[in-house]
Protein chains: 2
Amino acid sequence: MRKVLLIGVGAGDPDYVTVQAIKALNTVDVFFLIDKGSAKDDLIQLRREICERHISGTSGTDYRFVQATDPERDRTAAAYGEAVKDWHHRRAEIFERMIAEELEEDGVGAILVWGDPSLYDGTIRIVEELTARGNVAFKWDVIPGVSSLHALTARHRIPLNRIGEPIHITPGRLLAEGMPAGQDNVVVMLDGECAFTQVTDPDVDIFWGAYLGTRDEMLFSGPVTEVGPQIVQARAEARERKGWVMDTYLLRRRRA
Amino acid sequence: MRKVLLIGVGAGDPDYVTVQAIKALNTVDVFFLIDKGSAKDDLIQLRREICERHISGTSGTDYRFVQATDPERDRTAAAYGEAVKDWHHRRAEIFERMIAEELEEDGVGAILVWGDPSLYDGTIRIVEELTARGNVAFKWDVIPGVSSLHALTARHRIPLNRIGEPIHITPGRLLAEGMPAGQDNVVVMLDGECAFTQVTDPDVDIFWGAYLGTRDEMLFSGPVTEVGPQIVQARAEARERKGWVMDTYLLRRRRA
């Protein structure tokens, strides 16, 4: 039976790859890559480098890449959830075709996911959709990775939580009206709009990072009202220079 | 100058160790271990096994362990935060003594942390306290790891978040009155009391795991009102058998 592995390769540094992921990489016949367009070509290249660096020996030498183009996503749609579901649905069709046409009956395919596959990534949902449709039969498994959550805090050398306190993780779009009510520790992901500029509370610190764990890494920390504007500028410059940016941050309200 | 590394070794499976952690392990002269008493001796043993398995070559063969006993923590104290701070404070004194007495002036020491050092673990705070006291000078760094958060979702093969939704991570004690208000996706850590039994909402599913990534791994999922009692029983039996249990879980409210 076919097998598909969703492998978390860590958030940025190729050395974030785990031993479990390396063992899994070495069993793979076909890596499925989704090309997001020229701006993010480095990310395709980084995935190839991870394979080259960590696949060795007789079992692992015989692998290949199958690449498809990411479907367009309607970013103007009023219903965000529906637009994402539609995009997942079209991605699922692409993966279904790649698995059916490119993977032998007893072959092992893999999708490499940045960070960890469970955290604001659609791949698990896509695979669930494929198994529900049932057009192509396969077993599947998930290999966890070091997420940007943990890369961010490690690089800032801070705990994610304070003693006894909860942590809130949210997409940037839910921050459009400032800190979520009642939350003092908020991690923000998928924020293309610098939503932290909506936070005007002088008692909130930001711990921000981009390109975490890579040679392009950027880190900023301090009161969000003070360093926020610096981040906006540095982020825009980096995005201009590289063509893409992946960032995440923690907002923490100081205690009295 | 002395250097102290806080190394996340992943949550359970020794193969969750990253390449970065392995490289760091191979630079270490002294591993500082805190013995939590006989019940958790396996955890000390597992740390030694990780070192044996991953340290090799000329640079890495010359390491040793320094072990101290964990200070008693006042679990009856009314003020939870103060009791934890006091415990951290006494742990800090132990680490300060170990670093000063056991680590050469240019030596590298390390503390191995389960999962990731930023997530409900006090080691970063302890090291911050030591550097603030300034009695012993050292550089320090944090190596991120695969946390139980990601091990849990990988083993259940589920995303942590639903599309566009936030995630709430909380210590078990804050769950004493049921699901936190307004939260539909709640990860619970440090829950010694099976706080999920307080959740009576029939629309909430639980995804529970213990000894994640190890041969003793236990997984349960389903409506919390149905599988909750099974978890309570299985957890008690496992704890009785092994002498300790480490578990975590996600509570998710089903959508209408």
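In what follows, chains are A, B, ... by sequence order, proteins preceding strands, each numbered from 1. Because the structure is predicted, anything quoted here is derived from the model rather than measured.
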Top residue by heavy-atom pair count (under 4.5 Å) with chain B, among P14(A), P159(A), A151(A)?
P159(A)

Looking at side-chain heavy atoms only, is the closest gap between I163(A) and Y80(B) below 4.5 Å?
yes

Below 4.5 Å, heavy-atom pairs only: which of D15(A), N185(A), I143(A) has the largest tally toward chain B?
D15(A)

Beyond-backbone contact of I22(A) with V19(B), side-chain heavy atoms, under 4.5 angstrom
yes

Side-chain heavy atoms of T18(A) within contact of D13(B), under 4.5 Å:
no

Just so I understand: if I count every heavy-atom pair under 4.5 Å between each of V17(B), T153(B), N161(B), L160(B) and chain A, which residue has the most?
N161(B)

Only pairs of heavy atoms separated by less than 4.5 Å count here; which of S147(B), A181(B), A21(B), G122(B) has the most with chain A?
S147(B)

Ion pair R157(A)/D141(B), N-O distance below 4.0 Å:
no

Under 6.0 Å from the CD atom of E193(A), do we count more than 12 heavy atoms belonging to anything else shown?
no

Heavy-atom pair with the smallest gap, counting every atom of R125(A) and R162(B)
NH1-CA, 3.6 Å

Give the member of L152(B), I158(B), T170(B) that has the highest number of heavy-atom pairs under 4.5 Å with chain A.
I158(B)

If we define contacts as heavy-atom pairs under 4.5 Å, which of I169(A), V186(A), D121(A) has the most with chain B?
I169(A)

Identify the two heavy atoms, one from G164(B) and one from P171(A), that lie closest to each other, and give their separation to 0.1 Å.
O-CG, 3.6 Å

Most contact-rich option vs chain A, by heavy-atom pairs under 4.5 angstrom, among R155(B), Q183(B), E128(B), H156(B), is Q183(B)

L174(A) side chain near P166(B) side chain, heavy-atom distance below 4.5 Å:
yes

Do I167(A) and L119(B) come close enough that some side-chain heavy atom pair is under 4.5 Å?
yes

If I measure from the heavy atoms of chain B, does I124(A) come under 4.5 Å with its side chain, its backbone, both, or neither?
side chain

Given that the side chain runs from C-beta out, which part of P117(B) has a heavy atom under 4.5 Å from chain A: side chain, backbone, both or neither?
neither

Answer yes or no: does atom CZ of R255(B) have more than 12 heavy-atom neighbours from other residues, nucleotides or ligands under 6.0 Å?
yes

